[in-house]
Amino acid sequence: GGLFGEVMDRNAHYLLTSFTVNDMLRDFRIRAGKPVSEKKDRDIDIEWLKYLPGSVAGRFLMGTGNQLRWKDDPELRKRMNQIVDGIEECAEPNGYLVGYPENEILVFEYGGYCRSWVSQGLLEAAIAGNPKVYPMLRKFYDWFNTCPYLPELVRRGAFGRQGIIPSTRLYHTPVGKPLDIQVAQRYYQENFWMDQLADRDVDAIWKIPYDRPHCYLIVTLNAYMDMYMATGEQRYLEAVLGGWDIYHDYFQHTGGSISICEKLEYPPKSYLLRLGTGELCGNSFWSFLNQQLHAVFPDEEKYANEIEKSIYNVGIANQTRDGSIIYHAMLVGRKNRGENHNTCCEGQGTRWFGALPEFIYSIADDGIYVNLFNESSIEWTQTDGHEMSIRMQTAFPENPRVKLTMSPQNGKAYSNIRLRIPQWADAPMEVTVNGKLAGTGRPGSYLQLKQTWKKGDVIAFTLPVGFRLTKYNGTAEGFQGTEAYALEYGPLLMAAMGPSEKKGFLDIPVSASELPAKLKPESGDPLRFNVECSETGIEYVPYYRIADENFTCYPFLKKAE
């Protein structure tokens, strides 16, 4: 339920109204020599379809497979199964099943991008319950793991950043084999780059020596985390932790969006504000990377904090009211229109939106972590055999109050409930159990509540939400050296609007130190704030609410006297 539920409903609408099953299977049928109609169901010439054959099916399966894990939809499930059936019907006897001929696997990005999308989409369909997928993928990767093209693919497949992840993800499934990991090591792993990352050499990202710098390099970090989980070798974890630090410290906007994209110059801390920054793909990968790191370091709150910022300030912010997906999280001016063309951000967006529930909680041997705050419930079984469930009631982010109701199946059970105290909290957070103070958590930590719980026990708290201002110190034209500030409210990046605002420029005649006291919530809308100053009509709203309005996340404030 809650805001995440609304996002998932829009995601389902987008998936059902974009491409037909016939159009999504078209490339596979052409490759297999099967008949296709001359006319496409969508009479539109889309570069993303011509350039990346079969990826549109992968996009649909990634989004639908994740979505169906949490909210069943008979029509989505029917189409998902039809796509799987169609890919199976077009598979070659040797197992080859993607949407372009074998001898074209060395075409730039075919070998990585399209294979990755179709493979990961099929994996999500398998997790959603389609029984055909794992045998299909196993046969395909038995072919791939011994195919003659492997030595060429790391260079021809866009630095292997897309090509490595389907192999490492497949390994962690019921049909995974050691050869899946070994192929990734032999033909995609870059030891010199791993050393650069571990050394926190910022040139490893923005001066990658071939292909191009990109937020997509995070995909390789996702794969290296898979490698660490598979092998336990520290060098993989050290590379990932170094890469995390580089992206976080040099290529991340206030609010969380990844500032490096592609095709432009991205010196460290340049923080471009318009086109070419904040690509949705980057924060989708970033969320899944932080989820992997949280699994290894569950008590480090910073990983859940990164996921939360990404979801609100990039994911939800880049989904339109009809479910179409915006490519860039531009921070000044006007947002681009949502797209329905099979772009990379549509594929990773549908995958991410369908997966939102899995970020709310994470299960421990002796209990659970509550990471995010959204109307939801969860059931789990502990290693001691006790079956537990929690219902979370909250209207966050519009209301900071949260209530968790415990329901042990056998009436009572011992469990360790770990509550995230967000690092953005502007005060220690008091937590009550059945109305009595049970503990106080410091910002940036997890508060542990260890006890025997009875059915109906209630944990309650109010998230300490406050304002934070961050001065812009990047190199965007017209902003460098100015008194431009981003405003955050809890995890939310806020956007300013005013009657005279044009092209992302807005002057507010208030200093940074004065602004928080000048912000007054509008009656009936706790997340809309009017600025009390000499200029009338200036207001702040969450960036994720911005649709067609002119706005800026970096208004100019006056210098402090």
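Values reported hereafter were calculated over all heavy atoms of this structure, with side chains retained and with hydrogens, waters and symmetry mates removed.
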Asker: Would Phe144 and Tyr141 count as a ring-ring contact (aromatic ring centres under 6.0 Å, His included) here? Give the steps.
Answerer: CA-CA 5 Å; Phe144 178 78; Tyr141 277 88; 5.5 Å; yes
Asker: How close do Pro464 and Pro428 get, counting heavy atoms only, and between which atoms?
Answerer: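 Reported closest heavy-atom pair: CG-O, 4.1 Å.
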Asker: For residues Ser310 and Asn283, is any side-chain donor paired with an opposing acceptor at under 3.5 Å?
Answerer: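 Short answer, yes.
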Asker: Using modelled atom types and a 3.5 Å cut-off, is there a donor and acceptor pairing between side-chain atoms of Asn290 and backbone atoms of Trp286?
Answerer: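 Checked: pair present.
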Asker: Hey, what do you get for CG (Leu331) to OG (Ser257), rounding to the nearest 0.5 Å?
Answerer: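 Leu331 CG to Ser257 OG: 5.0 Å, rounded to 0.5 Å.
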Asker: Would you check if the distance from the ring center of Phe467 to the ring center of Phe529 is below 6.0 Å?
Answerer: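 Ring-ring flag for Phe467/Phe529: true, centres closer than 6.0 Å.
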Asker: Can a salt bridge be assigned to the pair Asp9 and Lys71 using a cut-off of 4.0 Å between side-chain N and carboxylate O?
Answerer: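 Answer for the salt bridge query: yes.
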Asker: Taking the six-membered ring for Trp and the full ring for Phe, Tyr or His, determine whether the centres of Tyr446 and Tyr369 are under 6.0 Å apart.
Answerer: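 Yes.
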Asker: Please work out whether the ring planes of Phe373 and Phe396 are parallel, tilted or perpendicular, with thresholds of 30° and 60°.
Answerer: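 Ring orientation, 0 to 90° scale: perpendicular.
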Asker: Using the ring pair (Phe, Tyr, Trp, His ring centres under 6.0 Å) definition, which of the options Tyr312, Phe353, Tyr303, Phe288 pairs with Phe359?
Answerer: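 When ring pair (Phe, Tyr, Trp, His ring centres under 6.0 Å) is applied between Phe359 and each of Tyr312, Phe353, Tyr303, Phe288, only Phe288 qualifies.
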Asker: Quick check with a 6.0 Å cut-off and a 45 degree axis cone: is Lys302 positioned over the face of Trp244's six-membered ring?
Answerer: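 Here Lys302 passes the 6.0 Å and 45° test against Trp244.
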Asker: Go through it in stages, so that I can follow the logic: the residues are Asp142 and Arg138, the test is salt bridge (charged side-chain N to carboxylate O under 4.0 Å, His left out), and I'd like the CA-CA distance, side-chain angles, deciding distance and then a yes or no.
Answerer: CA-CA 6 Å; Asp142 285 343; Arg138 183 65 271 156; 3.1 Å; yes
Asker: So, Ser167 side chain and Ala184 main chain: donor-acceptor pair closer than 3.5 Å or not?
Answerer: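 No, Ser167 side chain to Ala184 backbone: no donor-acceptor pair under 3.5 Å.
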Asker: Are Lys177 and Asp180 ion-paired here, with the side-chain N under 4.0 Å from a carboxylate O?
Answerer: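 Salt bridge: no.
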Asker: Which of these, His172, Gln292, Arg169, sits in a side chain to side chain donor-acceptor pair (under 3.5 Å) with Asp226?
Answerer: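 The option that passes is Gln292.
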Asker: Any chance NZ of Lys269 has more than 12 other-residue heavy atoms, nucleotides or ligands included, within less than 6.0 Å?
Answerer: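 No, the 6.0 Å shell around NZ holds no more than 12 heavy atoms from other groups.
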Asker: State, without any angle test, whether Trp424 and Glu308 hold a side-chain donor-acceptor pair at a distance under 3.5 Å.
Answerer: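 Yes, side-chain donor-acceptor contact under 3.5 Å.
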Asker: May I ask you to check whether Arg351 and Gln348 show a side-chain donor-acceptor distance below 3.5 Å?
Answerer: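 Note: Arg351 and Gln348 side chains meet the donor-acceptor criterion.
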Asker: Determine, stepwise, if the pair Arg200 / Asp249 fulfils salt bridge (charged side-chain N to carboxylate O under 4.0 Å, His left out).
Answerer: CA-CA 10 Å; Arg200 273 71 174 174; Asp249 295 346; over 6 Å; no
Asker: Establish, from distance only, whether the side-chain atoms of Asn11 and Gln67 form a donor-acceptor pair under 3.5 Å.
Answerer: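 There is such a pair (donor and acceptor under 3.5 Å, judged by atom type) between the side chains of Asn11 and Gln67.
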Asker: Quick check against the 3.5 Å criterion: does Gln319 have a side-chain atom that pairs as donor or acceptor with the backbone of Val7?
Answerer: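 At least one qualifying donor-acceptor pair exists.
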Asker: Does any N or O in the side chain of Thr394 come within less than 3.5 Å of the main-chain N or O of Val402, such that one atom is a donor and the other an acceptor?
Answerer: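 No.
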Asker: Using modelled atom types only, decide if a donor and an acceptor are shared between the side chain of Asn374 and the backbone of Gly1 within a distance under 3.5 Å.
Answerer: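 Answer holds: yes.
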Asker: Under 6.0 Å from the CD atom of Gln423, do we count more than 12 heavy atoms belonging to anything else shown?
Answerer: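 Above 12, so yes.
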Asker: With a cut-off of 6.0 Å (strictly less than), are more than 12 heavy atoms of other residues, nucleotides or ligands near CD of Glu75?
Answerer: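 Above 12, so yes.
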Asker: Could you grab the distance from atom CD1 of Ile390 to atom CD1 of Ile360, nearest 0.5 Å is fine?
Answerer: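 Here the rounded value is 12.0 Å.
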Asker: Report yes or no: does Thr383 contribute a side-chain atom to a donor-acceptor pair with the main-chain N or O of Asp365 at less than 3.5 Å?
Answerer: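 Indeed, once roles are kept as given, a pair shorter than 3.5 Å links the two residues.
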Asker: Short question: side chain of Asn318, backbone of Ile325 - any donor-acceptor pair under 3.5 Å?
Answerer: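 No, because the side chain of Asn318 does not come within donor-acceptor range (under 3.5 Å) of the backbone of Ile325.
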Asker: Looking at Arg545 and Glu398, is there a salt bridge between them, counting it only when a charged N and a carboxylate O are closer than 4.0 Å?
Answerer: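 Yes.
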Asker: Side-chain donor-acceptor pair under 3.5 Å between Glu346 and Tyr14, yes or no?
Answerer: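 Yes, a side-chain donor-acceptor pair sits under 3.5 Å.
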Asker: Can you tell me if Ser362 and His294 form a side-chain donor-acceptor pair at under 3.5 Å?
Answerer: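 Result is yes, a qualifying pair exists.
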Asker: Please walk me through it: do Trp352 and Ile311 pass side-chain contact (heavy atoms from CB on, under 4.5 Å)?
Answerer: CA-CA 9 Å; Trp352 190 13; Ile311 287 173; 3.9 Å; yes
Asker: About how many Å separate CG of Leu241 and CZ of Phe297, when rounded to the nearest 0.5 Å?
Answerer: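 Here the rounded value is 5.0 Å.
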Asker: Does NZ or CZ of Arg468 fall inside the cone over Tyr489's six-membered ring, less than 6.0 Å from its centre and within 45° of the axis?
Answerer: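 No, Arg468 does not lie over the aromatic ring of Tyr489.
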Asker: Are a donor atom and an acceptor atom from the side chains of Gln189 and Tyr236 found within less than 3.5 Å of each other?
Answerer: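 The answer is yes; a qualifying pair exists.
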Asker: Quick one: do Gln382 and Ser415 satisfy side chain to side chain donor-acceptor pair (under 3.5 Å)? Show the steps, please.
Answerer: CA-CA 8 Å; Gln382 300 177 168; Ser415 189; 2.5 Å; yes
Asker: Donor-acceptor pair, Trp117 side chain versus Val56 backbone, under 3.5 Å?
Answerer: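 No, the answer is negative, given that no donor and acceptor are paired below the 3.5 Å cut-off.
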Asker: For the CG atom of Asn130 and the CG atom of Leu123, what is their distance to the nearest 0.5 Å?
Answerer: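 The distance works out to 12.0 Å.
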Asker: I would like to know whether Ile127 and Tyr134 meet side-chain contact (heavy atoms from CB on, under 4.5 Å); could you show each step before the answer?
Answerer: CA-CA 9 Å; Ile127 296 169; Tyr134 282 138; 4.0 Å; yes
Asker: To the closest 0.5 Å, what do you measure between CE (Met194) and CG (Asp199)?
Answerer: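 Going from CE on Met194 over to CG on Asp199, the span is 12.0 Å.
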Asker: Starting from the C-alpha separation in whole Å, work towards a yes-or-no answer on side-chain contact (heavy atoms from CB on, under 4.5 Å) for Glu375 and Arg391.
Answerer: CA-CA 8 Å; Glu375 186 82 19; Arg391 180 187 176 195; 3.9 Å; yes
Asker: Could you tell me whether the side chains of Gln162 and Ser116 share a donor-acceptor contact shorter than 3.5 Å?
Answerer: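 A pair is found: one side chain offers a donor N or O, the other an acceptor, under 3.5 Å apart.
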Asker: Run the salt-bridge test on Asp366 and Arg418 with the 4.0 Å N-O cut-off and return the result as yes or no.
Answerer: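 Yes.
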Asker: Just by distance, do the side chain of Arg420 and the backbone of Asn371 share a donor-acceptor pair under 3.5 Å?
Answerer: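 Yes.
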Asker: Dump the intermediate steps for ring-ring contact (aromatic ring centres under 6.0 Å, His included) on Phe251 and Tyr266, then the final yes or no.
Answerer: CA-CA 8 Å; Phe251 300 106; Tyr266 297 96; 7.7 Å; no
Asker: Does any donor atom in the side chain of Tyr361 or Ser376 lie under 3.5 Å from an acceptor atom in the other side chain?
Answerer: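 Per modelled atom types, Tyr361 and Ser376 side chains form a pair under 3.5 Å.
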Asker: Does OH in Tyr250 sit with more than 12 non-hydrogen atoms of other residues, nucleotides or ligands closer than 6.0 Å?
Answerer: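 At most 12 heavy atoms, drawn from other residues, nucleotides or ligands, come within 6.0 Å of this atom.
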Asker: Going through the distances and angles, do Thr381 and His386 end up as a side chain to side chain donor-acceptor pair (under 3.5 Å)?
Answerer: CA-CA 6 Å; Thr381 302; His386 283 115; over 6 Å; no
Asker: Judged by atom type as modelled, is there a donor-acceptor pair below 3.5 Å linking the side chain of Thr432 to the main-chain atoms of Lys436?
Answerer: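 Such a contact is absent between Thr432 side chain and Lys436 backbone.
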Asker: Evaluate Lys309 against Glu306 for salt bridge (charged side-chain N to carboxylate O under 4.0 Å, His left out), listing each step before the verdict.
Answerer: CA-CA 5 Å; Lys309 289 191 299 182; Glu306 292 300 315; 3.2 Å; yes
Asker: Could you walk me through whether Leu527 and Val541 satisfy the side-chain contact (heavy atoms from CB on, under 4.5 Å) test, starting with their C-alpha distance in whole Å, then the side-chain angles of each, then the deciding distance to 0.1 Å, before giving a yes or no?
Answerer: CA-CA 6 Å; Leu527 293 181; Val541 298; over 6 Å; no
